[in-house]
Amino acid sequence: MTDPSDMDGDDWAGILEPDEKIIWQGRPDERFVWERRMLRPGLFGVGFAAFATIWLGLAVLAGAGIEFWGLGLLFIAVGLWITVHALFQPTFLRRRTWYTLTNRRAFVATDLPVFGRSLTSYPINRGVRIDRSDPDRPSVIFGAKTTDNDDGARVEPIGFERIIEAQHVFQLMQGIEK
């Protein structure tokens, strides 16, 4: 995907409304950061892989055939995949994300393998609540989406996550809101 900060006015033709102007563009911090939400799936993946390893070892000691090797290695790989995915997916997603703020909307662009390119816009107006997150995770939040899972409904914030210029972008959005 073309880095949106490299896009000129012609590249945004057909996307921006008349009199809409880009006032800020940026990217999230691409560094790996440990987050508490990584703990449960990470531990589950490690436990899954450990169980599969023990099961495979016991099956081999009991004289099980080659089919147990393949199945056991598959389960070990799945456990390791769950762990790696839990730990590194947020960083991977940030590295494939771009942000743009106009005088009317906020855009979040992603370019993911298999899933392709995505550009989502969110209107910024008086009805939108704009928040800044804590200093350890500087973000500007301007929306939320609710997802249902086995544990019930979960509200996930929508915004420009982990941006260095969070204070500046927050002030720009407050100006747009007025």
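Computation of the quantities below employed the complete heavy-atom set of this structure, encompassing side-chain atoms and omitting hydrogens, waters and symmetry-equivalent molecules. Sequence positions, counted from 1, serve as the residue numbers for this chain.
The NZ atom of Lys145 lies 8.5 Å from the OG1 atom of Thr120; values are rounded to the nearest 0.5 Å. Atom CG of residue Leu172 and atom OG1 of residue Thr102 lie 11.0 Å apart, to the nearest 0.5 angstrom. Atom CE in Met173 sits 8.0 Å away from atom CD1 in Ile23 (nearest 0.5 Å).
Both Leu39 and Leu87 are assigned to one and the same hydrophobic cluster, defined by single-linkage of ILVMFWY side chains at heavy-atom distances under 4.5 Å. Leu71 is not connected to Ile54 by any chain of hydrophobic side-chain contacts under 4.5 Å among Ile, Leu, Val, Met, Phe, Trp and Tyr, and they are in different clusters. In the hydrophobic cluster analysis, where Ile, Leu, Val, Met, Phe, Trp and Tyr join through side-chain heavy atoms closer than 4.5 angstrom, Phe44 is grouped together with Val78.
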| request: Output, in order, the C-alpha distance, side-chain angles, deciding distance and verdict of side chain to side chain contact (heavy atoms under 4.5 Å, CB included) for Arg96 and Thr110. | output: CA-CA 6 Å; Arg96 312 287 296 173; Thr110 58; 5.6 Å; no
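Checked by atom type and distance alone, the side chain of Ser139 pairs as donor or acceptor with a backbone atom of Arg162 at under 3.5 Å. Between the Arg117 side chain and the Asp111 main chain, no donor and acceptor come within less than 3.5 Å of each other. Distance alone, capped at 3.5 Å, is enough to place a donor-acceptor pair between the Asn103 side chain and the Asp19 backbone. A donor-acceptor pair under 3.5 Å links the side-chain atoms of Thr83 to the main chain of Val46, judged by distance alone.
The only member of Phe142, Trp24, Tyr99 that meets side chain to side chain contact (heavy atoms under 4.5 Å, CB included) when paired with Val169 is Trp24.
Counting non-hydrogen atoms of neighbouring residues, nucleotides and ligands closer than 6.0 angstrom, the CZ atom of Phe75 reaches no more than 12 such neighbours. The number of heavy-atom neighbours closer than 6.0 Å to CD1 of Ile164, taken from other residues, nucleotides and ligands shown, is 12 or below. Heavy atoms from other residues, nucleotides or ligands lying under 6.0 Å from OH of Tyr122 number more than 12.
Counting heavy atoms from C-beta outward, Phe160 and Val108 have side chains that approach closer than 4.5 Å. In this structure, the side chains of Phe107 and Leu16 come closer than 4.5 Å at one or more pairs of heavy atoms. Residues Leu93 and Leu112 have side chains in contact (heavy-atom distance under 4.5 Å, counting atoms from C-beta outward).
Take Phe92 and apply the ring pair (Phe, Tyr, Trp, His ring centres under 6.0 Å) test, not counting sequence neighbours, and it matches no residue. For the side-chain contact (heavy atoms from CB on, under 4.5 Å) test, residues two or more places apart in sequence or in another chain that qualify with Leu80 are Ala49, Ile76. Checked against side-chain contact (heavy atoms from CB on, under 4.5 Å), Ala77 has no partners two or more places apart in sequence or in another chain. By the side-chain contact (heavy atoms from CB on, under 4.5 Å) test, Pro90 is found to be paired with Glu35, Arg37, Met38, Arg94, residues two or more places apart in sequence or in another chain being considered. For the salt bridge (Lys or Arg N to Asp or Glu O under 4.0 Å) test, residues two or more places apart in sequence or in another chain that qualify with Arg104 are Glu17. The salt bridge (Lys or Arg N to Asp or Glu O under 4.0 Å) search around Glu20 returns Arg105, not counting sequence neighbours.
Here the closest heavy-atom approach between residue Pro157 and residue Ile141 is recorded as CB-CG2, 3.7 Å. Of all the heavy atoms in Ile163 and Arg27, the pair that sits closest is CG2-O, 3.9 Å. The two residues Ala52 and Gly72 come nearest to each other via the heavy atoms CB-O, 4.2 Å.
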